[in-house]
Number of protein chains: 2
Amino acid sequence: MTSTRGEFDLLEQTWSEVTPDAARRMLVAAARAFAEKGYHATTTRDIAAQAGMSPAAVYIHYRSKEELLFQISRIGHTTSLEVLTSVPEADPVRRMTAAVAAFAGWHAKHHTTARVVQYELNALTPEHRTEVVRLRRRIEAVVREMVEAGVEAGEFKVPDVDGATLAVLSLCIDVARWYRPGGPRTPVEVGELYADLVLRMLT
Amino acid sequence: MTSTRGEFDLLEQTWSEVTPDAARRMLVAAARAFAEKGYHATTTRDIAAQAGMSPAAVYIHYRSKEELLFQISRIGHTTSLEVLTSVPEADPVRRMTAAVAAFAGWHAKHHTTARVVQYELNALTPEHRTEVVRLRRRIEAVVREMVEAGVEAGEFKVPDVDGATLAVLSLCIDVARWYRPGGPRTPVEVGELYADLVLRMLT
DNA sequence: GGACATACTAAGCGGTTGCTTAGACCTAAG
DNA sequence: CTTAGGTCTAAGCAACCGCTTAGTATGTCC
């Protein structure tokens, strides 16, 4: 249960639905490279080499380099939306706490994927971008509904629901930028810290 | 006093110390392009064309494309540090309020520069990166001192000073990612909103 | 006017890019 | 054994990249 092994398991888990094996290895390699150097600074030769294959092998499974990015972005957005919505709590305060902890924690734990998800949107084709933006709007709507639920229950006191929604999302998303695996906080601790800070902000 | 004219004035103001005129026009063109498409997706031909000159003209004033990025990053970091430290208030609560309003507001008003400053660090050479990271640490230190001052004065109640510092900085920095000029909030309003949210978070 | 420095452009060089082509290898059905 | 289909590689193409070179225009000092 070393940290390296743990990180590898997480990658395998996120992309577990992707088949065949070579296509999944390519996605994982691309996600790593895109996160580390950015989409435009990554070459298809980088990706293929990291996946242990020849440059041409990329095009057996993907139409283009951009389609690799799109798949990472699509699966990443879908997963983070699931993380956000699958909190069991019903009480508005507990629900917000659990959701922020899970969402911020996901951005820390899967910071590699999250970085591609949050910072490489502009590299997508207009069509793919539109599809991903649709997912992002759903994420935003879920957070807004949770803020509104707390306000209606009289638990949250916010003068500006849109502003509060923006700030909660912004805080969580930015975790992908600053989080480093070797840092002082585990992903779970980041989630707990952020849940506390958001609650203070809203009440 | 159209918004286009206003935006242009801001750019001129930020880079006003840069001479000669052609070098400044090149910097402004590069900052725009880097912010819009990213450093690696921007070509030296893009920059030169936007500045109204031939591709070779870039190399009269700058040694490389990376040096353009470094100058934008260096001046941008220095300016934002000045914005953060030049708040006149002495009282910890008022000081934090004014500083967050100014810092977040700067990231909105100068979102073009701020985007390059915050998201293109990895494209710098190791030497230039080290120099910029030094500036970033000073910014972080200033925010931490303001949090500590509030805690010592008994005005802020935070269980984790490092965590609170991180969150305040993170919120402000992420403005550069989401802010759009045509949106519902002016830069000043963003500053006011964020100052309020941060104060709620800390007290 | 002549010598020199500065600011710029037209042309292009070597290297790298995303992607394609032609064909080898492996597996499995007939 | 033969054939077909899917997976992969070696080689390379056309386009584009950052940057350089050679040369022109302009202004300035003497």
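If you're wondering where the values come from, they're calculated on a predicted model, not measured in any experiment. We use all heavy atoms of the structure for the numbers below, so side chains are in, but hydrogens, waters and symmetry mates are not. Chain identifiers are assigned alphabetically (A, B, ...) following the order of the sequence lines, protein sequences preceding nucleic acid strands; residue numbering begins at 1 within each chain.
One finds a side-chain N or O of A:H61 lying less than 4.0 angstrom from the OP1 or OP2 phosphate oxygen of D:dC8. Side-chain N/O atoms of A:H40 include none lying less than 4.0 angstrom from OP1 or OP2 on D:dC17. An OP1 or OP2 oxygen of C:dA10 is reached within less than 4.0 angstrom by no side-chain nitrogen or oxygen of B:S54.
Checking B:T165 against B:D162 by side-chain atom types alone, no donor-acceptor pair falls below 3.5 Å. For the residue pair B:S73/B:H128, the side-chain donor-acceptor check at 3.5 Å is not satisfied. Using modelled atom types and a 3.5 Å distance limit, the side chains of B:R136 and B:Q118 yield a donor-acceptor pair.
To the nearest angstrom, P of D:dG6 lies 17 Å from CE of A:M53. Regarding A:K65, its NZ atom lies at a distance of 8 Å from the P atom of C:dC19, rounded to whole Å. Rounding to whole angstrom units, CZ of residue A:R45 and P of C:dT16 are separated by 10 Å. Separating the CG atom of B:L68 from the P atom of D:dG18 is a distance of 11 Å, rounded to the nearest angstrom.
Under the 4.0 Å criterion applied to side-chain N and carboxylate O atoms, A:R177 and B:D174 are not assigned as salt-bridge partners.
Considering only the side chain of A:A56, D:dA10 comes nearest among C:dA7, C:dC19, D:dA10.
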